[in-house]
Protein chains: 2
Amino acid sequence: MLKGEGNWREARRASARAAVLVAAWELVRADGPAALSMRELARRAGITTPTVYAYFESKNAIFDAMFAEAAQSFVELKAAVPTTDDPRQDLLAEARAFVEFCVSDAPRYQLLFQRSVPGFTPSPESYELAVSALEVTRGLLARNGVHDPRHLDIWTAVTVGLVDQQVSNDPDGDRWSRLVDDVTQMFLDRYATGGVSS
Amino acid sequence: MLKGEGNWREARRASARAAVLVAAWELVRADGPAALSMRELARRAGITTPTVYAYFESKNAIFDAMFAEAAQSFVELKAAVPTTDDPRQDLLAEARAFVEFCVSDAPRYQLLFQRSVPGFTPSPESYELAVSALEVTRGLLARNGVHDPRHLDIWTAVTVGLVDQQVSNDPDGDRWSRLVDDVTQMFLDRYATGGVSS
DNA sequence: GTCTATATAGCGATAGAC
DNA sequence: GTCTATCGCTATATAGAC
């Protein structure tokens, strides 16, 4: 059963890669994306540096795999937000979930949404995954009568703004993240159907 | 004239320090705050590394001086925004100026408002300078009937959100920065006198 | 695949001559 | 104050034995 053995080997390899990524996330969560070092990563994973290179061809390949994991989590977060018959409540629920997603793991947020690693650009596939998650938000906004792409950009700016201020200026508190309800109401009162458009 | 000679020496020293900082800004503007290297800095400034240490005791001291310069520019920007008899127009003018200030020099924005240099924290004086600039904004908001500190936080989040999205996702365009007028209207229509407060 | 050992390069910072 | 020279360390990445 060569094919079965091949799959088994593949699974072993995948789980070994996953273990390296677990250690990578530990380091990045502790000291930020820029602090990831191959030596320290290997030490944390209980292997040596050359072994890391047996699974990832470069440090950027590790960042790309991490970016893809983060993007996948982001997509799943969007999918997990329940849909009701109240579009406003749905958007609010998504906003709360988004802010919590970012604030609860600031380094992941920095890797996914800011360009915080000099010299690293996500691969097109990984990036596309992250962008596609925006489609869910576009749909939620449409159900609230918001169709203008500019207003989608305003929405992302407003939510990201809360996250960025929270992470940068009050990393252990909730000074900005607690404002998500107010901000969502402000946005919807302005741009949801019935609001003025210029 | 020992005192005069002392002042002259001080001026020389200050201008030499300033020259180092000019080179530091060149490097940081080119490759981001994390890319600042003492060797490259010295090379760019036309001196050697030990000479840099004659003027700054460490790399972090350079970052702190840069932070102070950026904070000073920030304060001056706020002071330069003209005041009219129309509070809404004044806040709008300040918002436009702020976004332009950040977007036109993203690395400076990252150094000043994000925690983008691992291990660097601005000195209390430099930080206080940056915080004090917020007082101007507080006054502008008060003239618009916005007094709740939470609403000041919302205002900073909203403006920073535009900047962050612009810098992270469209660094050479104006996809988000052009929305500053819309966002300001949304904010004022919601929170300026006459708006609902809960 | 995993190791030891190392290549190659860069880093921040300092000693000591002048 | 400015230099040459260097310390001590870290970085990513690879060669080659097993």
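By convention in this document, chain letters (A, B, ...) are assigned in the order of the sequence lines, proteins followed by strands, and residues within each chain are numbered from 1. All values derive from a computational prediction rather than experimental measurement.
For residues 159-176 of chain A, the pairs satisfying salt bridge (charged side-chain N to carboxylate O under 4.0 Å, His left out) are A:Arg175-B:Asp153, with sequence neighbours left out. Listed by first then second residue, pairs satisfying salt bridge (charged side-chain N to carboxylate O under 4.0 Å, His left out) with a partner in residues 114-142 of chain A read A:Glu135-A:Arg138, not counting sequence neighbours. Listed by first then second residue, pairs satisfying salt bridge (charged side-chain N to carboxylate O under 4.0 Å, His left out) with a partner in residues 46-58 of chain A number zero, not counting sequence neighbours.
Between A:Phe63 atom CZ and D:dT12 atom C1' there is a gap of 12 Å when expressed in whole angstrom units. Across the protein-nucleic acid pair, A:Ile62 atom CD1 and D:dA11 atom C1' stand 14 Å apart, rounded to whole Å. Taking atom CG on A:Leu41 and atom C1' on D:dA13, their separation rounds to 14 Å, with Å as the unit. For B:Lys59 and C:dG12, the NZ to P distance is 4 Å, given to the nearest whole Å. Distance, A:Arg17 CZ to C:dT2 P: 13 Å, rounded to whole Å.
The residue among B:Asn60 and A:Arg12 whose nearest nucleotide of DNA chain C lies closer to the 5′ end is A:Arg12.
The residue A:Arg13 sits close only to the backbone: its heavy atoms come under 4.0 Å of sugar-phosphate atoms, none of a base.
In this structure, the separation between OG on A:Ser116 and CZ on A:Phe63 is 7.5 Å, given to the nearest 0.5 Å.
Figure legend: cation-pi geometry between B:Arg190 and A:Phe187 absent, as NZ or CZ is not positioned both under 6.0 Å from the six-membered ring centre and within 45° of its axis.
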What pairs of donor and acceptor atoms, side-chain ones from residues 44-52 of chain B against any protein atom, are under 3.5 angstrom apart with sequence neighbours left out?
residue, atom, partner, partner atom, Å
B:Arg44, NH1, B:Glu26, OE1, 2.9
B:Thr48, OG1, B:Thr51, OG1, 3.2

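Of the options A:Thr184, A:Thr83, A:Thr137, a side-chain hydrogen bond (donor to acceptor under 3.5 Å, both in side chains) to A:Glu94 is made by A:Thr137 and by none of the others.
A donor and an acceptor atom, one from each side chain of A:Gln185 and A:Asp189, are nowhere located under 3.5 Å apart.
Remark: B:Pro50, B:Tyr53, B:Ser58 in residues 50-58 of chain B come within less than 4.0 Å of DNA chain C through at least one heavy atom. Within residues 18-40 of chain A, no residue places a heavy atom under 4.0 Å from DNA chain C.
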